[in-house]
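A note on names: the letters A, B, ... follow the listed sequences, proteins ahead of strands, and every chain is numbered from 1.
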Amino acid sequence: MIYGFKEVEEKWQKIWTEQKVFHAIHDPKRRKYYVLEMFPYPSGKIHMGHVRNYTIGDAYSRYKRMQGYNVLHPMGFDAFGQPAENAAIKNKTKPDIWTHKCIEWMKKELGRMGFSYDWEREVSTCDHNYYKWNQWIFLKMFEKGLAYKKGSNVNWCPSCETTLANEEVIDEGCWRCHTKVEQKDLEQWFLKITDYKEKLLDDLRQLKDWPQRVIAMQGNWIGKSQGVEIYFRLKESDKIIPVFTTRVDTIFGATYIVLAPEHPLVAEIIKGKPEEKEALKFIHKVSKESKAVRSSEDVKKEGVFTGCYCVNPVNSETIPVWIADYVLMEYGTGAIMAVPTHDQRDFLFAKEHNLPMKIVINQPGGPPGQAPDNMREAYEGDGVQINSGQFDGLPNQQAKLKIAEWMEKEGIGRIQTHWRLRDWLISRQRYWGTPIPVIYCSKCGVVPVPYADLPVKLPKEAPFTGEGGSPLSKVSEFVNTACPKCKSPARRETDTMATFFDSSWYFLRFSSPKFEAGPFSMEEAGYWMPVDQYIGGIEHAILHLLYSRFFTKFFKELGMVAFDEPFKKLLTQGMVLKDGEVMSKSRGNIVDPDSIIKNYGADTLRIYILFAAPPEVEMEWSERGIEGAYRFLNRVWRLLENKRSKKEPPEKLKKKMHQAIKEVTLDLESFKFNTAISEIMELVNEIYQDSDADITEAVKTTVLLISPFAPHFAEEMWQRLGNKDSIFKAGWPKYEERLLEESVVTMIIQVNGKLRCKIEVPAGIAEENLKEIVFSDEKLKPWIEGKPVKNLVIVPKKLVNIVI
RNA sequence: GCCGGGAUGGCGAAACUGGCAAACGCACGGGACUUAAAAUCCCGCGGCCGCAAGGCCUUGUGGGUUCAAUUCCCUCUCCCGGCACCA
């Protein structure tokens, strides 16, 4: 008998849909559980990555439902974005038509996998009922000064023809198309995420159930570094040059200072100096170098002397001011103090340009008072201060604090913190996104669109030529409008929002997807949120997860939510590989989930993908593995053929059954689907061993345990076992600890830590009796006979270790 | 360089708080059933020595703690990821 997956899967999918089995109802009396998987971009086809992500979430949410939780498990589409525009250009269609078609396709494919979504809560970010609230949120941020426009040097992807946020630049390339990113000076809209940097960093500590690496990545990205800003006064003009350092303990060793070539003071201080010409030449040369070239490590550090001197405020020494390409304007103050003896970069530069050096930290164990001339590299480690005035003799870590405090008191420095995180650039010069709800009036300036006028709808038509420039700017009916304040002719903003804006709060919308008085109902969000379990790819470790945390903190400030963090637990699932590589069109190694569903059924695919590896590690695709999963389901299916025996099931089967319930339950709690399934396999193997007895209970249990993983299969078997109602109403099986207790236990007998034999004894055996049995054991004789026992370790019910 | 993660049979992996290393599956070998094949069911399956009983070795490297280490501590190597001329 072979399991007819096709009919079975279609049958149950139809029943689930008709009976709205997965519809979540707001009910504060019940305990809720919110399981969410990152919603997909509707490309039209689901890939194995989606299958893995959504199977994990589905299995877990079905399990939680069976445990009696009121489960929210919604799905939607991150539907704005560039591929729709590209498709429009390529296929001569419109982005919204293309997108909606893709959504339909994808819904069908998701349906075929048997995922238990509440489709009544579906949201699509390109729907104006959704993006209206993007605009509303933007206006709120604008009111609070968190959304602002400024001209600056921004990342530009020449292929996508749009600006990018810092977070979207990966290895100097565009996150979407990998094209090398260029720098451009443009006026753009930013969100002041930096206002939340401290909370974003500190609250990472709350996220106990997030993967370590995601926490680490966000921490790195936010990049807090504590140090001191020191004021150097120019010798001839009294102008102050602030520099930032994290090594204030080395300040007495500063023998020159260096400005970035772009530093605003440079032009002023070199003016009229004999060095001016050389300096200008150098600055010009550096300005032509790309960021990538300039920051590559093997490039020699170059620089020129400015002709100026300044004063080291701690010891009044006069030191020269240089310009060099290894100092970056974007970080710190764009100027550094150079301590060649204790910073490797400064060391190399000083050697190259014959600049003076002074040791101020004594290397422990090293020759005391070593001359800088003998140094081969800078000493960056800890040690004791020397040549540092009143701080001599202090360990440098202590000196760091003392010097900083002293400098603050003297007014020559200030303790300061620098951050890597920059404000979030959200303007995109693209059509298929949320219009930024702002109007430019020649009289009134930048005017936000009044709330009552939302949504600012995207025009249905726009010219998609692929020739660059924002398509919206070419739609005159859209662009030309009246100023909301003075009614005179005005222009609309034609940039749209980055799509990461859309996805920064969709999890809140799911709580009340049709709410009309705001982005979400505070009452319903208050019940469902935060997301209890979030599941998605590691590629969003910074981007989406950081932005969502930022939005949540903003909503909290507005009093719209009561929590700090949107996602309580996070699981980042591993990628699905084929032949050791990521599946991709360009590699031509894609396995289409649909073909697997056709040949083996969705349940086989689900079981396979959960069984092959733990969810968070990458897994290698294996056709053999699929066959194994298929074989396993059929093996379970054949249990239906079993002739009903009246023979009492043996003790070991009952025990295995309860053990399986226990293990599967524990494994599910910690997302160890692979071992959960292996435990069910063991149970099935045991049932086969005892198939001459009455196995009804054991089979029932097997089907219940397998139901979160292979839901159609389980429903069908459940029905054939004589049950009328859906298995998902049956409740999660319970185990009895009592039945798991062994009356006879196998104990391991070790001699000097080495396994020598095993004995079976009653579980509650007294130590004295145990010793007696052990020491009279024939097999042990050769090992212990005639040797004095030095120690005897007894671990009850487990082992005895005889030390001789 | 800093931060985070990892390394276990031919392969994917398992081992709870330190207590039988390799569960479960894949691949492979053998047997049963069959005219035959497929499917299925049963058995074997880390390495070395041995007819066997059994013994010795084995969780990237070297060391330590412990009666006992895949697990804890230190050293090193390699792999993956993030940040980085970041001052």
Side-chain angles (χ1 to χ4, degrees), chain A residues 1-2 170 211-223 225 227-228 243-248 250 257-258 260 294-301 324-328 330-339 343-346 348-349 380 418-420 538 541-542 607-608 611-614 616-629 631-632 634-635 638 663 666-667 670 672 674-685 688-689 691 746-758 779 782 789-795 797-804:
Chain A
M1 188 157 76
I2 283 181
I170 314 282
Q212 273 303 306
R213 57 174 174 162
V214 177
I215 306 259
M217 281 162 84
Q218 292 217 357
N220 279 342
W221 188 261
I222 296 166
S225 89
V228 177
V243 308
F244 177 72
T245 181
T246 54
R247 289 296 304 273
V248 74
T250 65
I257 72 168
V258 191
R294 199 171 147 189
S295 60
S296 79
E297 255 175 81
D298 16 276
V299 170
K300 201 154 88 188
K301 299 173 184 4
D325 58 357
Y326 77 98
V327 175
L328 308 173
E330 309 88 88
Y331 190 79
T333 59
I336 60 153
M337 65 173 199
V339 186
D343 181 288
Q344 186 60 15
R345 292 156 303 174
D346 299 342
L348 293 174
F349 191 80
E380 294 179 337
H418 275 271
W419 302 79
R420 219 191 71 91
I538 186 72
I542 295 170
I607 289 270
Y608 164 67
F611 179 64
E616 64 277 4
V617 306
E618 37 186 49
M619 62 171 278
E620 174 68 30
W621 180 263
S622 149
E623 196 76 21
R624 300 273 194 200
I626 280 283
E627 277 166 24
R631 264 202 295 272
F632 168 59
N634 275 306
R635 187 169 156 87
R638 276 190 301 276
E663 296 298 324
L666 286 175
D667 284 347
S670 47
K672 285 148 85 180
N674 52 334
T675 49
I677 292 169
S678 79
E679 188 64 42
I680 302 172
M681 288 172 169
E682 282 184 50
L683 173 59
V684 172
N685 289 346
Y688 268 84
Q689 298 288 322
S691 53
T746 307
M747 290 193 72
I748 292 142
I749 314 302
Q750 297 179 329
V751 178
N752 284 346
K754 284 207 162 170
L755 175 76
R756 290 307 173 193
C757 75
K758 297 177 186 181
K779 274 191 254 167
V789 175
K790 269 203 262 174
N791 194 5
L792 190 69
V793 183
I794 298 174
V795 183
K797 294 183 192 175
K798 275 200 178 138
L799 92 169
V800 178
N801 190 8
I802 307 162
V803 187
I804 52 170

message: List the residues meeting salt bridge (Lys or Arg N to Asp or Glu O under 4.0 Å) with A/Asp346, not counting sequence neighbours, and say none if there are none.
response: none
task: Could you check how far CD1 of A/Ile222 sits from P of B/A84, rounded to whole Å?
output: 14 Å
- request: Please state whether the phosphate of B/C42, meaning OP1 or OP2, lies under 4.0 angstrom from any side-chain nitrogen or oxygen of A/Asn685.
  value: no
task: Measure distances between side-chain N and O atoms of A/Asn220 and base N and O atoms of B/C83, and say whether any donor-acceptor pair falls under 3.5 Å.
output: no
message: If the glycosidic angle sits within 90 degrees of zero it is syn, else anti. Tell me which applies to B/G44.
response: anti
- request: Would you mind classifying the nucleic acid contact of A/Lys672 as base, sugar-phosphate or nothing, using non-hydrogen atoms under 4.0 angstrom?
  value: sugar-phosphate
task: Please state whether the phosphate of B/A14, meaning OP1 or OP2, lies under 4.0 angstrom from any side-chain nitrogen or oxygen of A/Asn674.
output: yes
message: Do A/Lys797 and A/Met747 have side chains that approach each other closer than 4.5 Å (heavy atoms only, starting at C-beta)?
response: no
field: Partner nucleotide of B/G81 by Watson-Crick or wobble geometry (both distances under 3.5 Å)
entry: B/C3
Dump the pairs, protein N or O against N or O of nucleotides 37-40 of chain B, anything under 3.5 Å, distances to one decimal.
{"residue": "B/U40", "atom": "O3'", "partner": "A/Arg638", "partner atom": "NH2", "Å": "3.1"}

query: When all nucleic acid strands are considered with a 4.0 Å heavy-atom cut-off, which category describes A/Arg345: base, sugar-phosphate, or nothing?
result: base
- request: Measure the shortest side-chain to side-chain distance between A/Leu348 and A/Tyr326 over non-hydrogen atoms and say whether it is less than 4.5 angstrom.
  value: no
Stretch residues 747-756 of chain A: residues that reach within less than 4.0 Å of RNA chain B through a heavy atom: A/Ile748, A/Gln750, A/Lys754, A/Arg756
- prompt: Closer than 4.0 Å, any side-chain N/O of A/Arg624 to the OP1 or OP2 of B/A27?
  reply: yes
field: Nearest-Å distance once atom P is located in both B/U77 and B/U40
entry: 50 Å
- prompt: Backbone N or O of A/Trp221 within a donor-acceptor pair of the A/Arg420 side chain at under 3.5 Å?
  reply: yes
message: Mind checking if A/Val793 touches a base, just sugar-phosphate, or nothing, with heavy atoms under 4.0 Å?
response: base
message: Restricting to ring pair (Phe, Tyr, Trp, His ring centres under 6.0 Å), what partner residues turn up for A/Tyr608, sequence neighbours left out?
response: A/Trp621
message: Roughly how many Å apart are B/U17 and B/C73, using the P atom of each and rounding to a whole number?
response: 15 Å
message: Between B/U61 and B/C76, how far apart are the two C1' atoms, rounded to whole Å?
response: 7 Å
query: Roughly how far apart, to the nearest Å, are B/G44 and B/A38 at atom P?
result: 22 Å
query: Any idea which heavy atoms bring A/Thr746 and A/Lys758 closest together, and the distance?
result: CG2-CB, 4.0 Å
- prompt: Of A/Ser678 and A/Val803, whose closest RNA chain B nucleotide lies nearer the 5' terminus?
  reply: A/Ser678
- prompt: Looking across every strand, which nucleic acid part, if any, lies under 4.0 Å from A/Glu620 by heavy atom: base, sugar-phosphate, or nothing?
  reply: nothing
Side chain of A/Asp325 (C-beta onward), nearest among B/A23, B/C85, B/A87: B/C85
query: Got a sec, which residues hit side chain to side chain contact (heavy atoms under 4.5 Å, CB included) with A/Ser225, two or more places apart in sequence or on another chain?
result: A/Phe244, A/Thr246, A/Tyr331, A/His418
task: Classify the nucleic acid contact of A/Asp343 as base, sugar-phosphate or nothing, counting any heavy atom under 4.0 Å across all strands shown.
output: nothing
- prompt: If the P atom of B/A22 is compared with that of B/U70, how far apart are they to the nearest Å?
  reply: 12 Å
- prompt: Considering only the C1' atoms, how many Å lie between B/G47 and B/A21, rounded to the nearest integer?
  reply: 14 Å
message: Ignoring hydrogens and geometry beyond distance, is a side-chain donor-acceptor pair present between A/Arg635 and A/Asn685 at under 3.5 Å?
response: yes
task: With sequence neighbours excluded, tell me which residues meet salt bridge (Lys or Arg N to Asp or Glu O under 4.0 Å) with A/Glu682.
output: A/Lys656
- request: Search all heavy atoms of A/Ala613 against all heavy atoms of A/Val617 and return the closest pair with its distance.
  value: CB-CG2, 3.9 Å
message: Does A/Pro614 reach a base, just sugar-phosphate, or nothing at all? Heavy atoms under 4.0 Å.
response: sugar-phosphate
message: Taking the minimum atom-to-atom distance to the side chain of A/Phe611, which one of B/C83, B/G12, B/A13 wins?
response: B/G12
query: Are any non-hydrogen side-chain atoms of A/Leu792 and A/Val800 less than 4.5 angstrom apart?
result: yes
- prompt: In whole Å, what separates the C1' atom of B/C33 from that of B/C42?
  reply: 11 Å
- request: Would you indicate what A/Gly628 reaches in the nucleic acid, counting non-hydrogen atoms under 4.0 angstrom: base, sugar-phosphate, or nothing?
  value: sugar-phosphate
query: From the list B/C86, B/G82, B/A14, which nucleotide is the closest neighbour of the side chain of A/Thr675?
result: B/A14
field: 5' precedence on RNA chain B between A/Met217 and A/Val214 (nearest-nucleotide basis)
entry: A/Val214
